[in-house]
Amino acid sequence: MADVQRYDNYIDGQWVGSDRYQANTNPSDLSDVIGEYAQADAGQVEQAFAAARRAFPAWATFGIQARADALEKVGVEILARREELGTLLAREEGKTLPEAIGEVARAGNIFKYFAGECLRQAGETLQSVRPGVGVEVTREPLGVIGLITPWNFPIAIPAWKIAPALAFGNCVVIKPADLVPGCAWAIAEIISRAGFPAGVFNLVMGRGREVGEAIVNARDVDAVSFTGSVGVGRGIAQACVARGTKVQLEMGGKNPQIVLDDADLKVAVELCTQSAFYSTGQRCTASSRIIVTEGIYDRFVEAMVERIKKIKVGPALEQGVDVGPVVSEAQLEQDLRYIEIGKQEGARLACGGERVKCGTEGYFLAPTLFVDSNPSMRVSREEIFGPVANVVKVKDYDEALAMANDTEFGLSAGICTTSLKHANHFKRHAQAGMVMINLPTAGVDYHVPFGGRKGSSYGPREQGRYAQEFYTTVKTTYIG
Ligand SMILES: NC(=O)C1=CN([C@@H]2O[C@H](COP(=O)(O)OP(=O)(O)OC[C@H]3O[C@@H](n4cnc5c(N)ncnc54)[C@H](OP(=O)(O)O)[C@@H]3O)[C@@H](O)[C@H]2O)C=CC1
Ligand SMILES: O=C(O)CCC(=O)C(=O)O
């Protein structure tokens with residue numbers, strides 16, 4: 001471990017070391033240590049907030065051209081380094097290299113998009129109901145924002161929280177997931193050279209129980225944006241609401257993917273494979289709940305199993321690999337536990353279910369499909385967050401729709417059909433924040449709203465111009 005590089009926190013424009021460092025390990029090859037990353041303590045989190053608070057008044061009124069230029073610079077550099085950063089992402093998280101490069105490109109484009117948003121901020125001018133009085137409605141930054149991000153999108157999710165926060169004039173303290181600090185550190189390093197004043201952006205790495213909680217409970221935090229598990233998200237919401245701190249949560253999903261009798265079978269199989277297994281199923285938009293009408297059910301299951309057998313599982317950086325490893329031992333244990341639960345509940349295991357041996361020691365799991373499941377099984381109701389999906393047979397569209405909506409979540413919902421009538425009806429009646437017609441439930445654009453209903457999300461949407469709802473506050477001015 002002698003030549004493993006150490007990476008520090010970034011506070012008030014300085015790289016700050018720690019007495020504790022955590023190894024960042026490659027889930028495709030446990031002998032590969034990417035680096036050692038500083039673990040912040042509560043004192044450093046406090047310093048980061050104090051620096052952000054000091055920087056806020058000047059940043060809030062910084063010229064919009066200079067703000068846009070700095071964000072544009074970050075986006076351009078991320079895009080220029082997409083292969084290098086994609087390799088880092090694939091190493092630390094386990095996405096395949098093409099997926100990882102795609103995610104890096106998404107992050108670069110997000111910074112460029114929000115560079116443009118700096119210049120597009122607009123208000124409204126109205127007449128007052130009182131003669132001779134004018135009314136203006138404008139938006140202002142909130143102050144200092146705490147950002148807590150998960151491991152499954154190590155660069156895109158930090159980007160889609162950092163970029164709007166800074167674009168709209170806020171200062172930031174971010175804690176990335178301890179499993180994958182490398183990409184967030186790389187963003188911080190780029191930001192450190194892009195022209196932002198000291199204290200505007202701060203990176204504090206470490207465990208959620210320590211650094212995450214210190215962010216949520218910081219005296220100086222004006223708002224918290226979180227993506228991760230339902231349990232942690234709800235705890236953060238309670239702490240924030242108790243203090244009147246604005247909060248935004250993106251959490252789990254149990255996204256339904258309906259396949260109707262009239263679907264194009266090839267299209268249906270391909271998009272269900274994408275939804276369930278690509279990115280190792282580790283997406284809150286993944287679909288592990290495939291609902292199929294009885295006329296196509298047998299043909300669908302047979303074709304799906306054939307397709308899954310062609311999926312190549314292996315190290316994320318190996319050419320031709322479709323599905324990389326599970327991110328960690330804990331997540332692998334969770335996936336295997338659900339596979340056992342599915343078997344005990346009486347779902348039929350059509351393929352997968354076991355670990356896969358590759359040339360390196362890593363957390364490889366075969367894409368797993370349960371069939372003949374029923375909707376009350378835990379594998380049909382609970383988020384697994386791995387390459388594990390199950391298929392349920394229904395009579396017709398009406399039953400499929402009712403089953404799709406019968407969940408505590410509401411992030412993404414998909415339908416595969418050639419019927420315009422059913423597609424239109426589903427678009428209107430699916431209880432989800434995002435609806436996909438003849439497309440996988442996962443895989444979203446960066447310039448349009450992202451978020452869900454029910455237990456999946458809380459607070460305003462992320463991404464695109466809708467991001468301003470969370471990152472700004474509205475002021476109404478009356479002019480006599
Ligand atoms: N919706 C989504 O996009 C995601 C959903 N999940 C779901 O969550 C499950 C568990 O994954 P996991 O990584 O443990 O998710 P967590 O919710 O634990 O982690 C998300 C982020 O929150 C931090 N965190 C953890 N505990 C606290 C806390 N008490 N206060 C403040 N921040 C905290 C984590 O820190 P750290 O991990 O560094 O300790 C991480 O940065 C998955 O199996 C999946 O079902 C997971 C990831 C993304
Ligand atoms: O499907 C996508 O493109 C985004 C998914 C996502 O944001 C998540 O899993 O947290």
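Order of appearance sets the numbers: ligands from 1, and atoms from 1 within every ligand. None of the values given here were measured: they were computed from a predicted structure. All residue numbers in this chain count up from 1 along the given sequence.
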Taking the ring centre of each residue, are Y10 and W15 less than 6.0 Å apart? yes
If hydrogens are left out, which of K175, Q282, Q331 has an atom nearest to atom 43 (O) of ligand 1, that is, the closest non-hydrogen atom? Q331
Report yes if A442 has an N/O atom closer than 3.5 Å to an N/O atom of ligand 2; otherwise report no. no
Option with minimal heavy-atom separation from atom 3 (O) of ligand 2, where the choices are E250, E462, R106: R106
Out of V232, V230, V326, who gets a non-hydrogen atom closest to atom 26 (N) of ligand 1? V232
Should N152 be counted as touching ligand 2, given the test is an N or O pair under 3.5 Å? yes
Heteroatom distance test (F153, ligand 2): nitrogen or oxygen, under 3.5 angstrom: no
Within reach of ligand 1, part of T227 (heavy-atom separation under 4.0 Å): both
What is the closest protein heavy atom to atom 28 (C) of ligand 1, and at what distance does it sit? G208 O, 3.6 Å
Check if A330 has a non-hydrogen atom at a distance under 4.0 Å from any atom of ligand 1. no
Any protein heavy atom at under 4.0 Å, with atom 35 (O) of ligand 1 as the reference point? yes
State if I157 counts as touching ligand 2 under the rule of any non-hydrogen atom under 4.0 Å. yes
So is F153 close enough to ligand 1, meaning a heavy atom under 4.0 angstrom away? no
Is the contact between W160 and ligand 2 made by the side chain, the backbone, both, or neither, using heavy atoms and a 4.0 Å cut-off? side chain
Can you see whether Y446 has R465 sitting over its ring - NZ or CZ less than 6.0 Å from the centre and within 45° of the normal? no
Among all protein heavy atoms, pick out the one at the shortest distance from atom 12 (P) of ligand 1; state its residue, atom name and that distance to 0.1 Å. W151 NE1, 3.7 Å
Would F385 and W151 count as a close aromatic pair, with their ring centres under 6.0 Å? yes
Kindly confirm or rule out a cation-pi arrangement of K95 over F153, judged by NZ or CZ under 6.0 Å from the six-membered ring centre and within 45° of its axis? yes
A student checking ligand 1 against I236 at a 4.0 Å heavy-atom cut-off should list atoms 31 (C)
May I ask you to identify the nearest protein heavy atom to atom 44 (C) of ligand 1, giving residue, atom name and distance to one decimal place in Å? F385 CG, 3.3 Å
Within the 4.5 Å heavy-atom criterion, are P154 and E103 side-chain neighbours or not? yes
What atoms of ligand 2 come closer than 4.0 angstrom to any heavy atom of G443? 1 (O), 2 (C), 3 (O)
Distance filter under 4.0 Å to G212 heavy atoms, resulting ligand 1 atoms: 30 (N), 31 (C), 32 (N)
Under 4.0 Å from atom 39 (O) of ligand 1, is there any protein heavy atom? yes
Is the distance between the ring centroids of F201 and F196 under 6.0 Å? no
Closest non-hydrogen protein atom to atom 41 (O) of ligand 1, residue and atom name please, with distance? T149 O, 2.8 Å
What is the closest protein heavy atom to atom 8 (O) of ligand 1, and at what distance does it sit? S229 CB, 3.0 Å
I'd like to check which ligand 2 atoms, numbered from 1 as shown, lie under 4.0 Å from a non-hydrogen atom of R283. 9 (O)
Regarding ligand 2, does T285 bring an N or O atom to under 3.5 Å of one of the ligand's N or O atoms? yes
For C284, take its heavy atoms, then give the atoms of ligand 1 lying under 4.0 Å from any of them. 1 (N), 2 (C), 3 (O)
